Protein chains: 2
Amino acid sequence: MSETDPSQIKGFNRARERASRALLEDYVEMIADLAAEFGEARITEIAARLGVAHPTATKAVARLKREGLAVSRPYRGVFLTEAGEALAEQVRARHRTVVALLRAVGVPEDLAELDAEGIEHHVSTRTLKAFEAFLASQGGKTG
Amino acid sequence: MSETDPSQIKGFNRARERASRALLEDYVEMIADLAAEFGEARITEIAARLGVAHPTATKAVARLKREGLAVSRPYRGVFLTEAGEALAEQVRARHRTVVALLRAVGVPEDLAELDAEGIEHHVSTRTLKAFEAFLASQGGKTG
DNA sequence: CGCGAAATGTAGCCTTGGCTACAAATTTCG
DNA sequence: CGAAATTTGTAGCCAAGGCTACATTTCGCG
């Protein structure tokens, strides 16, 4: 999100981009999780964990493939490309930072995890940096 | 749509609910802002400020009316109902808290405002409470 | 090996939020 | 007052993401 000029914001950039990016990140993150756990991510498992019907997951994976983030062969597992892995790592790092930040300001761990999933997609790079700096300055002094 | 069961893990009925509520909150907030500034909220102004075409705003307002959050007569301004005002106040209070929290952890003010708009819709009540507690414990020791 | 179960793919529809184009009402102003 | 400009409403289309139903492929197992 780098549209700082309100007069430039097309409606397109609002809800659309917002939700679009978040969805993409969710899928990449989930595929990475499943790959770590099972060695591959199956459509059915992706769908189940994200709480959607399998055709929905199929569509999303097709989009990931279109964008060069994942690869898969028919009736086989889904795998992330290098770009996909990179995005996944970035997303997970950001997730960890957001959770850590929430915990640092007193949000209970389980709640931090839940809210972070919604929040993380809206944390800009610079804000993330600020979070990291704050956490570093705290140095884990929080109990 | 009563999939509000948290024990269902991350399989909440995701994107739909998420974006839907955020949009509604954005409109209510904007109408409240305009009402405070001009005494009423005109469709054209709502649309302009939210960066959408006016028919998009018209549709959204129709939805607010359907949900009992706003009222309006043809070719006239839009006004919030009591329920709408209540929601607006709640949304604005949350917005202020989120911005304050971001600033408290070192996010620059303008960036805090921008990111807060995306983040606030995903901050649960309990997390908001935690934010308030943290801010209180800080007691304005900043700047 | 063959067959049923499970997994995946495909088709087609729904809803939502966005847009453009055009119609109608209101406001402004000569 | 009346015409032009502005505002609002309405119609109709699009894309995205969700779902169900049904087709096809793979897998598990007798």
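The basis for the numbers below is simple: all heavy atoms, side chains too, and nothing from hydrogens, waters or symmetry mates. Bear in mind that the values here come from a model prediction, so they are computed numbers and not experimental data. Chain naming here is simple, since letters A, B, ... match the order of the sequence lines and numbering starts at 1 in each.
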Running the 4.5 Å side-chain criterion over Ile, Leu, Val, Met, Phe, Trp and Tyr, what cluster does B:F79 land in, apart from itself? B:V71

At under 4.0 Å between heavy atoms, which parts of nucleotides 20-28 of chain D does protein reach? Answer with one letter per nucleotide, 5' to 3': B base, S sugar-phosphate only, - none. BB--BSSS-

Sorted by first residue and then second, give each side-chain hydrogen bond (donor to acceptor under 3.5 Å, both in side chains) pair with at least one member in residues 70-89 of chain A; sequence neighbours left out. A:K65-A:S72, A:E89-A:R96

So, is B:S20 close to the C:dG17 phosphate, meaning a side-chain N or O under 4.0 Å from OP1 or OP2? yes

What integer distance in Å separates A:E67:CD from D:dA16:C1'? 12 Å

To the nearest Å, give me how far apart NZ (A:K59) and C1' (C:dG9) are. 13 Å

Under a single-linkage rule joining Ile, Leu, Val, Met, Phe, Trp and Tyr whose side-chain heavy atoms are separated by less than 4.5 Å, which residues share a cluster with B:V99? none

Would you kindly give the CZ-to-C1' distance between B:R73 and C:dT26, to the nearest whole Å? 13 Å

Find the distance A:R21:CZ to D:dA16:P and express it as a whole number of Å. 16 Å

Just to verify, what does B:A36 make a side-chain contact (heavy atoms from CB on, under 4.5 Å) with, not counting sequence neighbours? none

Results of side-chain contact (heavy atoms from CB on, under 4.5 Å) for B:A60 - residues two or more places apart only: B:Y27

To the nearest angstrom, the CD-P distance between A:E40 and C:dA7 comes to 12 Å

Whole-Å gap separating P (C:dG9) and CD1 (A:I46): 10 Å

Salt bridge check, A:R49 against A:D33: does any charged N sit closer than 4.0 Å to a carboxylate O? no

Less than 4.0 angstrom between a side-chain N/O of B:T58 and OP1 or OP2 of D:dG9, yes or no? yes

Does a side-chain N or O from B:R63 land closer than 4.0 Å to OP1 or OP2 of C:dT16, or not? no

In whole angstrom, what separates A:F38's CZ from C:dA7's C1'? 15 Å

